[in-house]
Every structure is written in structure tokens, then in C-alpha cells.
Number of protein chains: 2
Amino acid sequence: MVSTVDGRLRRAAATREHILDTAERLFAERGVVAVSNRQISEAAGQGNTAAVGYHFGTKADLVRAIARRHADDIERRRKLLLARTDPAAGVREWVACLVRPVTEHLGSLGVPSWYARFGAQLATDPALRGILTDQALTTPSLREVVDRLNRRLPDLPLEVHAERAEMAGQLLVHMCAERERALARGAPTAKPDWHGTATGLIDAITAIWHAEVTPAEVAGGEAE
Amino acid sequence: MVSTVDGRLRRAAATREHILDTAERLFAERGVVAVSNRQISEAAGQGNTAAVGYHFGTKADLVRAIARRHADDIERRRKLLLARTDPAAGVREWVACLVRPVTEHLGSLGVPSWYARFGAQLATDPALRGILTDQALTTPSLREVVDRLNRRLPDLPLEVHAERAEMAGQLLVHMCAERERALARGAPTAKPDWHGTATGLIDAITAIWHAEVTPAEVAGGEAE
DNA sequence: TTTTAAGTCAATCGACTGATTTAATGGGTG
DNA sequence: CACCCATTAAATCAGTCGATTGACTTAAAA
């Protein structure tokens with residue numbers, strides 16, 4: 001019990017990882033909601049059709065476990081990048097601190113990867129949405145980078161600031177998913193590697209932050 | 001058969017519409033994949049649990065029917081806007097021709113609406129994705145506007161052009177869904193109306209098209 | 001009025017789901 | 001060595017799924 005090396009724990013941990021890998025792939029390929037725990041257990045080579053339930057509990061718990069595994073590595077990379085970024089850096093560098101940890105993590109997964117498509121589903125499904133936001137948007141390094149970025153941002157009306165922050169997040173999630181889809185089906189990709197994709201995203205998000213703000217019309221708008 | 005008023009057809013058409021409305025709402029609230037045809041039929045007040053199957057066939061057919069209903073109105077609005085846009089107009093005006101038809105359509109649906117969230121799910125679910133792209137990206141007026149826009153765009157490397165077009169599409173779909181979510185849960189929204197949301201999107205997308213293009217490093221990139 | 005057929009309803013089918021229960025396995029420990 | 005127990009396997013449960021069926025309702029057509 002207190003022994004440092006327990007073969008049973010090792011075996012269980014290995015199957016846990018194998019189930020996580022399998023679930024992630026099936027989720028990306030067929031959709032999170034469409035894949036049953038049974039299918040995952042069987043595809044993972046577990047004779048036990050209840051293996052997912054035994055090791056993780058509900059599907060929501062499984063989804064959380066997958067998300068956490070990746071979030072940890074992204075957080076690690078973000079801390080690293082944050083540490084070696086000049087505190088006096090400009091908007092572009094702080095945007096990079098938000099984008100690069102994600103793209104570099106995806107790059108480290110090899111081809112094909114599945115996490116970006118998985119994440120995009122979490123972001124749009126009403127039942128899963130909370131799982132992603134709860135754990136991805138509350139990490140300390142993320143808040144730190146956002147704080148630094150905000151200090152270097154041009155003066156913007158509060159609602160425009162909120163809107164553009166949302167845009168940056170949506171772009172990051174869904175453009176990564178899109179590239180991953182292209183990679184998975186062997187289609188040509190806009191950029192040859194994730195680093196190039198990140199550069200394109202940073203260009204775009206930086207441009208959004210610096211975009212002109214068209215004022216609302218005094219009484220305009222369309223009817224019907 | 002040739003008579004102008006057929007009570008049976010009228011009744012059927014009415015229940016069809018009612019089923020479409022109900023399905024759209026449930027899809028947005030609980031997720032497209034998570035909602036069964038049975039639940040839709042029951043929620044629509046049809047004693048027949050197979051009403052969806054009878055009127056539409058498979059769930060994919062139902063999803064297509066919902067998407068088409070909205071796509072038609074959006075197409076109509078885009079044609080209208082295209083007709084009264086100066087052929088010599090600039091990037092910003094052509095971007096508006098892509099954004100405004102969608103936001104105005106959503107505005108016409110009242111609050112709460114469900115179509116934007118529904119569309120966002122179609123865009124990210126691997127099994128449903130084709131349904132959306134097949135019918136939304138092949139309309140004549142859309143191709144026309146994109147052509148006009150391309151002629152006024154700054155010179156961009158082909159891969160950057162493709163990447164930014166993708167960004168514009170993702171932003172449009174997911175920012176509308178996000179605003180709709182906020183509206184539905186009664187949360188404060190960045191902009192008071194859809195027209196303001198469109199203006200923010202047009203500002204952002206126009207800025208993306210005009211953003212600097214950072215060249216790829218000759219041999220840079222990170223390992224692992 | 002009778003006929004006809006579209007629309008609706010109620011019951012049912014096999015297949016699959018998550019969950020629970022019971023049995024077999026096999027490595028670590030006393 | 002023999003025991004123990006976490007893990008894996010296997011069998012089973014009630015519930016829901018999409019799909020099909022035939023009977024009933026309704027209103028236009030003959």
C-alpha cells in the first residue's frame with residue numbers, strides 16, 4: 001500500500017492513458033456526444049465495456065480528464081514564455097504569449113492530433129461548454145498575460161474591449177481546429193507548420209486590437 | 001391537387017413549421033446530437049413520436065431543412081445589399097455585404113433566437129459539418145460578393161489570403177453564436193443590437209485583411 | 001353521399017445506451 | 001508458498017433510440 005512501486009497502479013495508469021488517447025481520437029473523428037462510453041472501451045481493446053465508467057465515472061468526467069491533460073502542458077508553456085518576455089513588451093508580444101503556448105502544444109502532439117477539434121466542440125456544445133471555460137479560463141498565467149496585455153492596449157470603450165477579447169479567443173480555438181482538420185484529412189494547409197499558423201493568428205489578433213472603432217450611429221439601424 | 005387551397009397540405013405545412021421551430025430551439029439549448037427525434041416530436045406536441053421521421057426522414061434531413069430555411073432569407077438579404085452597393089466600393093463595404101445579411105437575419109428572429117448557436121454546432125461537429133458547408137458556401141450571391149471583395153484586397157500571398165478568409169468566416173459564425181448565447185441567458189451584451197455587433201465584426205475583419213504579413217523565418221521555429 | 005388518400009396516432013421491433021452485478025485474472029505481500 | 005485485492009472480463013438490467021407497422025381522422029374529390 002505504501003510501497004513506491006505498485007504494479008497494479010502502473011497497469012491501471014497505463015490503461016487510463018490508453019483510454020484517454022482512444023477517447024480523444026474518437027471524439028475528434030465522430031463527435032463527443034455521438035461516441036458512447038462503450039465504443040470507447042471497445043476501441044481501447046478493453047473487453048470490459050464499462051472500463052470508462054470504472055476509471056473515470058461519467059462522460060463529463062472523462063472529457064474533463066482529457067481537457068486537463070492538455071491544459072497542464074499549455075499552462076507550462078505559457079509560464080515559460082511569460083518568464084522570458086520583456087515586461088515592457090508591446091501588444092504583439094503579449095498576444096503571442098496567448099497564442100504560441102497553444103500552437104506549440106498542438107505541434108508537440110504530432111500528426112494527426114485531435115485536441116484542437118475536441119476543444120472546438122467543447123466550445124460550441126451547450127452541455128459541454130462549461131467544462132472548457134471552467135478550467136481553461138481560470139489559470140493564473142493566463143490572467144497574468146491578459147493583465148499585461150491590457151496595460152499595453154490602446155484606449156477602447158469597455159464593450160469594444162470585451163468584444164475583441166472574445167474574438168481573439170474564438171479565432172484561436174477555431175483556427176487551430178480548422179488547421180487540424182486539414183492536417184487530418186491530408187489536405188493542403190495554409191501554413192506549413194504550427195509556428196507559421198501562430199504567426200498568422202498573432203498578425204490578425206494584433207490587427208483586431210488596433211483596428212479603428214466605428215462609432216454607433218445616433219439613430220441608425222434597420223427595421224423588420 | 002391543382003386546387004389553390006388544400007386543407008391537408010396546409011395542416012401538414014403548419015406542423016412541419018412547428019416541428020422545425022421546436023427542433024431548432026431544442027438543438028440550440030441542448031445540442032444537436034443530444035436531442036432525439038422523439039424528444040422533438042413530443043416537445044412539438046405531436047402524439048406521434050415518429051412525427052419527425054414522417055415529415056423529414058433522418059435527423060440529417062431535419063438539420064438540412066432548418067439550415068435551408070434560414071439560408072434562404074440570408075441569401076435574399078445579401079442579394080439586396082449587393083444590388084445597392086457601389087461596384088467601386090472598398091474592402092469595408094464588401095465585408096459588410098458578408099456580415100450584415102447574417103446579423104440582420106438574426107435580428108429579424110427576435111429574442112431569443114437559436115439559429116446562430118445551431119450553426120456554430122454544425123460548424124464544429126464532424127458529422128454535421130458537411131451539411132453547413134455544402135449549402136451555405138455555394139450560393140451565387142456569396143460567390144459574387146467574395147469575387148468583388150477579392151478584387152479590392154491588398155496583394156497577399158495565396159496562403160495568407162486563404163487563412164484570412166477562413167478567419168473571417170469563423171469570426172462571423174462564432175461571434176454571432178456568442179452574442180446569441182448572452183442574449184438567451186439574459187446576460188449583458190457588448191453591443192446593444194445586432195447592427196452594432198455587425199459593425200464590430202466589420203471593423204475586425206477589415207483590419208485582418210489589411211494586417212501586416214509577418215514573413216516566415218528562414219529556419220526558425222521551436223523544437224518539441 | 002361515398003371514395004380516396006394525406007396526415008396523425010399508438011404500439012411494437014431490434015439495437016444500443018449507461019449502469020450494476022458477478023466472476024476471473026494476476027501481480028505484490030506476508 | 002498462499003493469500004489478497006485492484007483490475008479486467010463477462011453477463012445482465014431497465015431505459016431510450018430510430019424505424020416500421022396498421023388503424024384512425026380529416027377533408028378534398030367523385
Do the ring planes of A:H174 and B:H174 sit parallel (below 30°), tilted (30 to 60°) or perpendicular (above 60°)?
parallel
Value in whole Å for how far the C1' atom of D:dA9 lies from CD1 of A:I19
13 Å
Are A:R164 and A:W209 in a cation-pi setup, meaning NZ or CZ lies under 6.0 angstrom from the ring centre and within 45 degrees of the ring axis?
no
Expected string for nucleotides 17-23 of chain D under the B/S/- scheme (protein heavy atoms, under 4.0 Å, primed atoms plus P, OP1, OP2 as sugar-phosphate) is BBBB---
For the residue pair A:E166 and A:Q170, confirm or rule out a side-chain donor-acceptor distance under 3.5 Å.
yes
Report yes if at least one side-chain N or O of B:H55 is closer than 4.0 Å to OP1 or OP2 of C:dT8; otherwise report no.
yes
Whole-Å distance between C:dA11 C1' and B:Q46 CD?
17 Å
For residues 113-130 of chain B, pull every pair meeting salt bridge (Lys or Arg N to Asp or Glu O under 4.0 Å), keeping only residues two or more places apart or in separate chains.
A:E178-B:R129, B:R117-B:E180
Under 3.5 Å: donor-acceptor pair, side chain of B:T189, backbone of B:A182:
no
With rounding to the nearest 0.5 angstrom, report the NZ to CD1 distance, B:K79 to B:I74.
13.0 Å
OP1, OP2 of D:dT7 versus side-chain N and O of A:Y54: anything below 4.0 Å?
yes
Value in whole Å for how far the P atom of C:dA6 lies from CZ of B:R16:
15 Å
